[in-house]
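The structure under discussion appears below in the form of structure tokens.
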Amino acid sequence: MAQQDALREGILWASLLGHDNKLAIKRWKQDIAAHYYNPRAQICAPAFVVTLLLIPPTIFFILYLQWHSVSEGQGSKLTEPPDPVTVAGPERDLKFLLHPEDHVSRDPGIRHFLWNITKATIAPNGVQKDVFLINDQFPGPTIEARSGDILEIEVFNLAEESVSLHWHGLHMRGANHMDGTVGITQCAIKQGENFTYQVPVDDQAGTFWYHAHSEVQRGDGLYGGLVIHNPITPLENISYQYDKELLFLVGDWYHWPSTKVLANFMDRTSTGNEPCPDSLLINGLGYFECSMATHGAPVNCSDIAKPWLVLDKQNRYRVRLVNVGALTGISFTIPGSEIKVIQVDGGQPVAGVPYLANSVGVLYPAERVDFVVAWPESAVNTDTEIIVELDKEYFLRPNFALTPIQSFLLSAESTVRQPLKNKTKVLRFNLQEAKGLSLTNPLPDAGRAFMIYTAIEILNHEASIPKGFINHTTWEAQSLPLVALDREIWDHHQLVPWTGPEPVWVELTINNIDGTGHPFHLHGFDFYVIASYKGKGGWDYYNPFNPSRPPPRRSF
């Protein structure tokens, strides 16, 4: 739904911010007329004869120049060279090592960043694609900070389309206009212009990330990691007993431009089934077997080395895992390891993990999970793997080019390395079973209650194009961001529950009556999951305003 809204939003802003070409066309016609209609350009007979006599030597001279140019070998080229392809990094190492020691002991302050957003053709998994770069990097630079910092990020948009960035998971208190949601809180940064984000971290700490909130540019690589280290005493590396920290940005990957993928979905022939991805990336790197490409979706593919990771397995690592994909849930497995989940979604602690696993999942797009990984003494010198599995929930339209389960070498940093052993049994920690800490005080009664239904609908009066609806409303942008407009002139596409002028606790019931799951992200809020219920299909839903027929509920 967000992708559909983003496309409509982009079309609207393009019409509002585009340039009128009528003046250019008028000038072009004037130039053509001035060039071809010139009274002084009348040809007399003698000039015509001289011209005919000059033609043969002129042709001979031109042919001589061409021959001379070719004979010198490195002369001017007769055809334009192909667009350059930027190599996705000098190495294929998956390690994103973090540096909490640079932040947990210093005073809070303002962290300055200067970013240039461009686009280039790169091949992160061997397949060429136009990808967004920040300071020539994909993914964008990882931001590390501490609680209490203010992030000042000056963004210069050098791409050929408008962009905007969202700081996923941060509250943005007092800085709603910096939140990046085009059409809601701000305008996109137009091509050739710049904008400075002032992002307050306040007392938050944990694993976050930033990504495009304009069009569908996140699917073309406009994202990066954002880690807020916690300076509490004792430090978290002592509390959770780990030595170093790693960041993994993992997600599905489409070989087509995201606008084309979205157009494929926003077609009446799609029947509302999302396009299946083509591959997956870890920290901007992946591997695609070129022979897997299909005739219906040809690609420019080159054989490259499969990415790898080298770790000192005598250390215990805190892994900060982010699903940066566009559609698919992921599971993340390290055979032979011992994994303990400690936090989810921006520093929310997980309590009562009953056992050590070697796998976590399913992690849906934009969700984060932190876990500590260690190896028994018998495995510290043994090579193993990292295995990423794309969840098949949304694969209703098959993609025969996709390998949904991929493995990458995790090599031991040791002088006595042992080769990869046989596969070990997968022991997965189901993230649906994660529980938070017990509340010291019961939650207060809600002052407001809202109920929404969400689904993808295909309606005749909407040209049979799949569109996302919440309570029979599909979102479209207005002339300006909503925060810049009086509420009285918001149109019928704006479904906004109103809580009143005073702070109040709200109970929000979300009934997803779509055929597949959908993660929801509330900008600027922390919330408690009170209960969940899996319906039996169709309009089997929970209505808090009619408690006489409540469904079975599972409290957390």
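Throughout, numbering of the chain's residues begins at 1 and tracks the sequence.
Although no hydrogens or angles enter the test, the distance criterion places a donor-acceptor pair under 3.5 Å between the side chain of D220 and the main chain of S258. Of the possible polar contacts, none joining the S337 side chain to the A374 backbone as a donor-acceptor pair under 3.5 Å is found. A donor-acceptor distance shorter than 3.5 angstrom exists from the side chain of K95 to the backbone of V310, with no hydrogens or angles considered. A donor-acceptor distance shorter than 3.5 angstrom exists from the side chain of S164 to the backbone of G180, with no hydrogens or angles considered. Side-chain N or O atoms of K306 include one that pairs as donor or acceptor with a backbone N or O of S407 at under 3.5 Å. The backbone N or O of L249 sits less than 3.5 Å from a side-chain atom of N283, completing a donor-acceptor pair. A side-chain donor-acceptor contact under 3.5 Å links S414 to the backbone of V416. Looking only at distances, no side-chain donor or acceptor of Q198 sits under 3.5 Å from a matching main-chain atom of A175. Side-chain atoms of Y287 do not come within 3.5 Å of backbone N or O of G126 as any donor-acceptor pair. Judged purely by atom type and a 3.5 angstrom limit, D149 uses its side chain to pair as donor or acceptor with the backbone of R146.
Between atom CG of residue L158 and atom CG of residue L133 there is a gap of 11.0 Å, rounded to the nearest 0.5 Å. Remark: L309 CG to I386 CD1 distance equals 4.5 Å, nearest 0.5 Å. Note: T121 OG1 to K129 NZ = 11.5 Å, rounded to the nearest 0.5 Å. Here the OH atom belonging to Y197 is positioned 12.0 Å from the CD atom belonging to E154, to the nearest 0.5 angstrom. Atom CD1 of I330 sits about 13.5 Å away from atom CD1 of I387, to the nearest 0.5 Å. For the atom pair NE2 of H99 and CD of E245, the computed distance is 10.5 Å after rounding to the nearest 0.5 Å.
Smallest separation of non-hydrogen atoms from P349 and Y240: CB-OH, 4.4 Å. Across every non-hydrogen atom of F96 and P139, the tightest pair is CZ-CD, 4.3 Å. In plain terms, the two heavy atoms of E144 and H103 that are nearest each other are O-CE1, 3.2 Å. Counting all heavy atoms, side chain and backbone alike, L437 lies closest to A351 at CD2-CB, 3.5 Å. Shortest non-hydrogen contact noted between V104 and H229 is CG1-CB, 3.9 Å. Residues H521 and G169 come closest through the heavy atom pair CE1-N, 4.0 Å.
Between K244 and Y317 the shortest side-chain heavy-atom distance falls below 4.5 Å. Between F429 and V369 the shortest side-chain heavy-atom distance does not fall below 4.5 Å. Inter-residue side-chain proximity for W498 and R448 is flagged as unmet; no heavy-atom pair is nearer than 4.5 Å. The shortest distance between side-chain heavy atoms of D383 and R417 falls below 4.5 Å. At least one side-chain heavy atom of P141 sits less than 4.5 Å from a side-chain heavy atom of I134. Looking only at side-chain heavy atoms (C-beta outward), L170 and L226 come within less than 4.5 Å of each other. Counting heavy atoms from C-beta outward, R318 and I342 have side chains that approach closer than 4.5 Å. Side-chain atoms of I282 and F408, non-hydrogen and from C-beta on, do get closer than 4.5 Å to each other.
If you check the side chains of T207 and R320, you find a donor sitting under 3.5 Å from an acceptor. Side-chain contact of N125 with H255: a donor-acceptor pair under 3.5 Å is present, judged by distance alone. When only modelled atom types and interatomic distance are considered, T185 and N176 share no side-chain donor-acceptor pair under 3.5 Å. Using modelled atom types and a 3.5 Å distance limit, the side chains of H523 and D179 yield a donor-acceptor pair. Residues H112 and E152 have side chains that bring a donor and an acceptor to within less than 3.5 angstrom of each other. Checking W475 against Q494 by side-chain atom types alone, a donor-acceptor pair falls below 3.5 Å.
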Do V261 and E274 pass the side-chain contact (heavy atoms from CB on, under 4.5 Å) test, and can you show the C-alpha distance, the side-chain angles, and the key distance before you say yes or no? CA-CA 9 Å; V261 175; E274 290 85 354; over 6 Å; no

Using the rule given for side-chain contact (heavy atoms from CB on, under 4.5 Å), can you reason through N381 versus K313, listing the C-alpha separation, both sets of side-chain angles and the distance that settles it, and then say yes or no? CA-CA 7 Å; N381 297 321; K313 295 172 66 176; over 6 Å; no

Apply side-chain contact (heavy atoms from CB on, under 4.5 Å) to the pair T499 and F450, showing each step before the final yes or no. CA-CA 10 Å; T499 62; F450 298 108; 4.0 Å; yes

Given the rule in the side-chain contact (heavy atoms from CB on, under 4.5 Å) test, do E385 and L410 qualify, once you have shown the distances and angles that lead to the verdict? CA-CA 5 Å; E385 297 175 308; L410 196 169; 5.7 Å; no

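Ion pair K119/E160 not flagged as a salt bridge, since none of the NZ, NE, NH1 or NH2 atoms sits closer than 4.0 Å to an Asp/Glu carboxylate oxygen. With salt bridges taken as basic N to acidic carboxylate O contacts below 4.0 Å, none links D243 and R316. At a threshold of 4.0 Å, the pair R173-D203 does not count as salt-bridged, since none of the basic side-chain nitrogens sits closer than that to a carboxylate oxygen.
Within 6.0 Å of the NZ atom in K392, the count of heavy atoms belonging to other residues, nucleotides or ligands does not exceed 12.
Below 30°, between 30° and 60°, or above 60°: for W115 and Y210 the angle between ring planes is between 30° and 60°, a tilted geometry.
Residues F138 and Y223 place their aromatic rings such that the two centres sit under 6.0 Å apart.
With T328 as reference, L390 is the one residue of L390, V362, N323, L280 to meet the side-chain contact (heavy atoms from CB on, under 4.5 Å) rule.
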